[in-house]
Amino acid sequence: MTRPTSVTIDTQALSHNLTRVRQCAPTQQVLAMVKADAYGHGIIPMAKQLDAAGVDGFGVACIDEAIQLREAGIELPILLLEGFFTEDELVTIQALGLKVVIHDKWQVDALKKLKEPITVWLKIDTGMHRLGLLPEEVKDAYKRLKSNAKVEKIYFMSHFASADEIHNPQTKEQISQFIKIVKGLEGGYSLAHSAGILAWPETHAKWVRPGIMLYGVSPFKAYTGSDHQLQPVMTFKSKLIAVKRLKKGEPVGYGATYHCEEDMPVGVIAVGYGDGYPRHAKNGTPVLVNGIRVPLIGRVSMDMITVDLRQCAIARRGDPVVLWGEGLPAEDVAAGADTIAYELFTSVTERVKRTYL
Ligand SMILES: *Cc1c(COP(=O)(O)O)cnc(C)c1O
C-alpha cells in the first residue's frame with residue numbers, strides 16, 4: 001500500500017451547513033468566509049460549491065485570495081476583511097470589483113484617489129481591540145466617506161471577541177456599543193460570525209459572516225457541530241501501518257512520555273505533524289480505529305503516531321483510521337491538543353492527498 005494519509009472533503013456537507021446558516025438567519029445576506037484557503041478546505045472548490053448553493057458573497061483576508069476567486073470565475077461580491085495593506089492595491093481592487101473593509105483613518109484618505117465607485121465596510125472596534133476605528137473616530141470617517149463621490153455604499157461592521165462563550169457579558173457590551181455608535185448613520189450592518197448566527201439572533205442584521213460553522217464545527221466550547229445539526233466537511237484519514245504487543249512498563253515514542261500500563265497492543269498510524277496532525281496532542285487524544293475511539297499514546301512524530309489498541313484488540317495492519325471528521329469531531333481532537341478546530345484544519349500540509357466528494 002502507498003502512504004494512506006489523505007483528506008476527503010464532503011461538498012454536500014458544505015451545502016447542508018449553508019442551509020443551516022439560512023435556517024438560523026433566513027432574511028440575511030450570507031457572506032461566506034473562505035480566507036486561509038477556506039479554512040484549509042480548498043478555496044476554489046469550496047467557493048464554487050457555495051456559489052452553486054446560493055451564497056451571497058465571500059470574505060477573504062487579502063487580495064491574492066480574491067484574485068484566486070476571480071480567476072476561477074467567481075463573480076459574486078468579495079470583501080477584503082483587512083482592507084488594503086498599501087494604497088497601490090487599490091488598482092487591483094477596482095479592476096476586480098472588490099469591496100473593502102476600512103479599519104483605519106489612513107485608508108479613508110487613500111480612497112480620495114479612486115477612479116471607480118466602491119463599496120466600503122467601515123469596521124468599528126467595539127471592544128475586540130484588533131482592527132477597527134475607535135468609537136470616537138467613526139463619525140468623522142463616515143462624514144469623509146459620505147462626501148467622497150466614489151464611495152457608493154457604506155456598511156458598518158464589527159467583530160465579537162468572546163461570543164463563543166455563550167454567557168460572556170462582553171458580547172452584550174459590544175452590541176450596545178455598536179448600536180450607540182451607528183445611531184443616526186445610514187447603512188447596513190454586519191456583526192455575526194458563526195457564534196453570533198447560532199446564539200445571538202439580535203446580531204444578525206443585514207449580512208451574516210459564517211466561517212467555521214460552514215465547515216461543520218461548533219464555535220462554542222464543549223459543543224460539537226452535530227449539536228447544531230452541522231455536518232463535518234473535512235475528514236482526515238489514514239491507516240494502521242503496524243500493530244505490536246508490548247510488555248507492561250515499556251516506553252513508547254520520543255522522550256518515553258508513555259509507559260505501557262500492562263501487556264498491551266499498540267498501533268502505529270501513518271500520520272504525524274508533517275501532515276498537520278498537532279504535535280502537542282496529549283496522551284488520551286481520541287483517534288478512531290475501525291470506528292472505535294482509542295487514545296493517542298506517546299509523542300506525535302513527524303510521520304507517525306501511536307495509539308493504545310486495548311479497546312480494539314482485533315485491529316490489524318491496514319485497518320482504517322479517522323484522525324478527525326466523519327465519526328470523530330475535530331472539536332474533540334482540538335481539545336486534546338489545547339487548540340481549536342480552526343487551527344487543525346488550516347494546518348494540514350501539502351503532502352496530504354485531498355479528494356473532493
Ligand atoms: C473569520 C471571520 C469571521 C468568521 O468567523 P467564524 O468564527 O469562523 O464564523 C467573521 N468575521 C470576520 C471579520 C472574520 O475575520
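Atoms within each ligand, like the ligands themselves, are counted from 1 in listed order.
Taking the centre of each ring, His280 and Tyr273 stay at or above the 6.0 Å mark. Remark: aromatic rings of Phe345 and Tyr39 are distant, center separation not under 6.0 Å. Centroid-to-centroid, the aromatic rings of Tyr142 and Phe156 come within less than 6.0 Å. The distance between the ring centers of Tyr189 and Phe178 falls below 6.0 angstrom.
Set against the non-hydrogen atoms of Ile212, the atoms of ligand 1 under 4.0 Å away are 6 (P), 8 (O), 9 (O).
When atom types are taken as modelled, the side chain of Thr346 and the backbone of Gly40 share no donor-acceptor pair closer than 3.5 angstrom.
Using modelled atom types, one finds no donor on one side chain facing an acceptor on the other under 3.5 Å when comparing Thr224 with Ser218. Between the side chains of Gln49 and Ser15, at least one donor N or O lies within less than 3.5 Å of an accepting N or O.
The shortest N or O to N or O distance between Gly211 and ligand 1 is below 3.5 Å. Residue Ser194 has at least one nitrogen or oxygen atom sitting less than 3.5 Å from a nitrogen or oxygen atom of ligand 1, judged on distance alone.
The protein atom (non-hydrogen) at minimum distance from atom 8 (O) of ligand 1 is Tyr39 OH, 2.6 Å. Of all protein heavy atoms, the one lying nearest to atom 7 (O) of ligand 1 is Tyr342 OH, 2.6 Å. Nearest to atom 11 (N) of ligand 1 among the protein's heavy atoms is Arg209 NE, 2.9 Å. Here the heavy atom of the protein found nearest to atom 12 (C) of ligand 1 is His159 CE1, 3.4 Å. Closest to atom 5 (O) of ligand 1 among all protein heavy atoms lies His193 CB, 3.4 Å.
Between the choices Arg130, Lys35, Met33, the shortest heavy-atom distance to atom 14 (C) of ligand 1 belongs to Lys35.
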